[in-house]
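Some notes on the structure that comes next.
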2 protein chains.
Amino acid sequence: MTSTTTGEDADARRRRRRSGAAIKESMRELSVQLSLLNHQISASFDLRDTDFDCLDVIKRHGPLSPSALARRTGLHAATLTGILDRLERGEWIARERDPADRRAVIVRARRERNPELFRKFAGMNHAMDGLLDDYTPDELDLLADFLRRTADAGRDATDALVEGGRTAG
Amino acid sequence: MTSTTTGEDADARRRRRRSGAAIKESMRELSVQLSLLNHQISASFDLRDTDFDCLDVIKRHGPLSPSALARRTGLHAATLTGILDRLERGEWIARERDPADRRAVIVRARRERNPELFRKFAGMNHAMDGLLDDYTPDELDLLADFLRRTADAGRDATDALVEGGRTAG
DNA sequence: TTCGTATAATACGAGAACCGTAACATCTAT
DNA sequence: ATAGATGTTACGGTTCTCGTATTATACGAA
């Protein structure tokens with residue numbers, strides 16, 4: 001976490017480049033596998049792929065309005081109506097009125113079905129637990145920090161594309 | 001990479017548990033962000049979310065048949081027809097006849113449009129490069145290995161759900 | 001206040017996607 | 001040779017997506 005590319009010899013730079021490529025490669029594969037896992041779980045609850053993504057954003061950043069959610073996810077506002085309908089029908093969320101702005105709706109995550117969802121992720125969770133046993137506490141911190149920063153990078157990249165598509169496309 | 005949970009004191013175990021939770025949390029957030037990024041990129045090419053996931057599997061494990069692809073992804077065979085139609089229309093893949101089994105089709109990834117796709121991922125790639133600069137070569141290897149193993153775990157978890165859903169309803 | 005405009009959420013509808021089933025071609029085992 | 005299994009795609013009902021219109025409300029200016 002403290003080195004930089006300057007001051008490395010050619011071998012180290014080569015190794016760095018190779019590892020970087022391997023990381024991006026694995027990252028892409030990881031993304032695909034997690035998407036497919038998400039698809040199976042969503043389907044088992046009669047939801048679409050993006051529905052749980054939205055629920056996750058609501059859990060993390062909510063409660064918030066449908067339009068704020070549309071901005072954050074880059075989805076069309078009208079699409080959010082359908083997504084929230086399904087999530088509400090399944091009792092994953094509740095729509096409430098905003099007393100301050102009576103046009104607005106506040107979307108709040110409900111937690112009742114969390115255990116049910118957790119059970120679907122049990123296989124992945126146990127696999128992760130076994131995997132994490134191989135690391136020292138310091139290494140775990142390193143991994144946690146890396147993942148957090150990568151997630152942030154993903155959000156920035158998505159925002160840039162949404163913004164670019166809105167103004168230029 | 002060499003320690004185990006045995007022989008650690010209570011503090012270390014507590015720290016380990018906390019880090020593990022943070023990792024799974026960040027992993028889920030990363031998954032959501034990468035899905036949303038994938039959605040924007042797919043939409044910009046007139047494709048559905050899962051289309052590039054399939055293309056990725058084809059690139060990695062192909063050439064292969066639609067039915068093999070359906071098994072690997074857990075998608076319905078009839079759905080693959082639509083996905084492959086779109087990918088073929090966009091010249092991302094080519095369908096070929098299998099000389100050995102004349103019922104079968106071989107799906108092969110085409111590489112001509114890779115640069116175009118690469119440009120869409122440029123933002124994320126550059127962010128990753130900047131992020132990876134902060135790590136030593138050893139740390140990069142650690143990260144690469146972790147991601148590869150996590151992707152494998154994701155595949156196993158998905159397979160288990162597909163299998164369970166198929167046999168148990 | 002009253003008006004004009006901006007904004008929030010949803011209704012509506014055209015086009016498209018998903019996937020269960022059927023159809024057809026072909027392979028394989030007896 | 002025949003029966004049954006397998007590979008791919010066509011078909012059709014239901015559902016989804018998203019551009020636009022609609023309704024309700026907020027807010028700034030005259």
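Below, chains carry the letters A, B, ... as their sequence lines are ordered, and counting in each starts from 1. As a basis for the values below, the full set of heavy atoms in this structure was taken, side chains included, without hydrogen atoms, waters or symmetry mates.
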In whole Å, I'd like the distance from the [atom1] atom of [X] to the [atom2] atom of [N].
{"X": "B/Leu80", "N": "D/dG7", "atom1": "CG", "atom2": "P", "value": "13 Å"}
{"X": "B/Leu75", "N": "C/dC18", "atom1": "CG", "atom2": "P", "value": "9 Å"}
{"X": "B/Leu87", "N": "D/dT8", "atom1": "CG", "atom2": "P", "value": "15 Å"}
{"X": "A/Asp49", "N": "D/dC16", "atom1": "CG", "atom2": "C1'", "value": "12 Å"}
{"X": "B/Leu69", "N": "C/dC19", "atom1": "CG", "atom2": "P", "value": "14 Å"}
{"X": "B/Glu96", "N": "D/dT8", "atom1": "CD", "atom2": "P", "value": "13 Å"}
{"X": "B/Ile93", "N": "D/dT8", "atom1": "CD1", "atom2": "P", "value": "12 Å"}
{"X": "A/His76", "N": "D/dA21", "atom1": "NE2", "atom2": "P", "value": "12 Å"}

Grab the N/O contacts between the protein and nucleotides 1-7 of chain C below 3.5 Å, and write none if there aren't any.
| unit_1 | atom_1 | unit_2 | atom_2 | d |
| --- | --- | --- | --- | --- |
| C/dT7 | O2 | A/Arg103 | NH1 | 2.6 |

Review point. Phosphate oxygens OP1/OP2 of C/dT26: is one of them under 4.0 Å from a side-chain N or O of B/Arg102?
Key: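 Yes, such a contact exists.
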**Study point:** B/Arg149 and B/Asp152 ion-paired at < 4.0 Å
**Key:**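 Answer for the salt bridge query: no.
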Review point. Residues two or more places apart in sequence or in another chain: which of them pass side chain to side chain donor-acceptor pair (under 3.5 Å) with A/Arg15?
Key: B/Asp138, B/Asp141
Review point. Among all residues two or more places apart in sequence or in another chain, which pass the side chain to side chain donor-acceptor pair (under 3.5 Å) test with A/Arg71?
Key: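 Applying side chain to side chain donor-acceptor pair (under 3.5 Å) to A/Arg71 gives none.
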Revision key, fill the gap. Rounding to 0.5 Å, atoms OG1 (B/Thr73) and CD (A/Gln33) come to a distance of 10.0 Å
Review point. By side chain to side chain contact (heavy atoms under 4.5 Å, CB included), which residues pair with A/Arg95, not counting sequence neighbours?
Key: A/Thr81, A/Leu84, A/Asp85, A/Glu88, A/Val105
Practice item. Identify, with sequence neighbours excluded, every residue that meets side chain to side chain contact (heavy atoms under 4.5 Å, CB included) alongside B/Ala151. Key: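 With neighbours one apart ignored, the set is A/Glu29, A/Leu30.
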Check your understanding: Restricting to pairs with a member in residues 12-32 of chain B, which pass ring-ring contact (aromatic ring centres under 6.0 Å, His included), not counting sequence neighbours?
Key ->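 Applying ring-ring contact (aromatic ring centres under 6.0 Å, His included) to every pair that reaches into residues 12-32 of chain B, excluding sequence neighbours, yields nothing.
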Practice item. Give every residue pair that meets the ring-ring contact (aromatic ring centres under 6.0 Å, His included) criterion with at least one member in residues 84-134 of chain A, sequence neighbours excluded. Key: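 Of all non-adjacent pairs touching residues 84-134 of chain A, those that pass ring-ring contact (aromatic ring centres under 6.0 Å, His included) are A/Phe45-A/Trp92, A/Phe52-A/Trp92.
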Review point. If you look at every strand shown and take non-hydrogen atoms under 4.0 Å, does B/Thr79 touch a base, only sugar-phosphate, or nothing?
Key: base
Point to revise | Contact residues, residues 33-44 of chain B to DNA chain D [heavy atom, < 4.0 Å] | key: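 Heavy-atom cutoff 4.0 Å gives no residues at all.
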Using a cut-off of under 3.5 Å, enumerate the N/O to N/O pairs linking the protein to nucleotides 9-15 of chain D.
| unit_1 | atom_1 | unit_2 | atom_2 | d |
| --- | --- | --- | --- | --- |
| D/dT9 | OP1 | B/Arg95 | NE | 3.3 |

For [X], salt bridge (Lys or Arg N to Asp or Glu O under 4.0 Å) partners two or more places apart:
{"X": "B/Arg103", "value": "B/Asp101"}
{"X": "A/Asp56", "value": "A/Arg60, B/Arg28"}
{"X": "B/Arg86", "value": "B/Asp51"}

Exercise for review: Could you say whether A/Arg71 or B/Asp101 is positioned toward the 5' end of DNA chain C, judged by the nucleotide with the nearest heavy atom to each?
Suggested key: A/Arg71
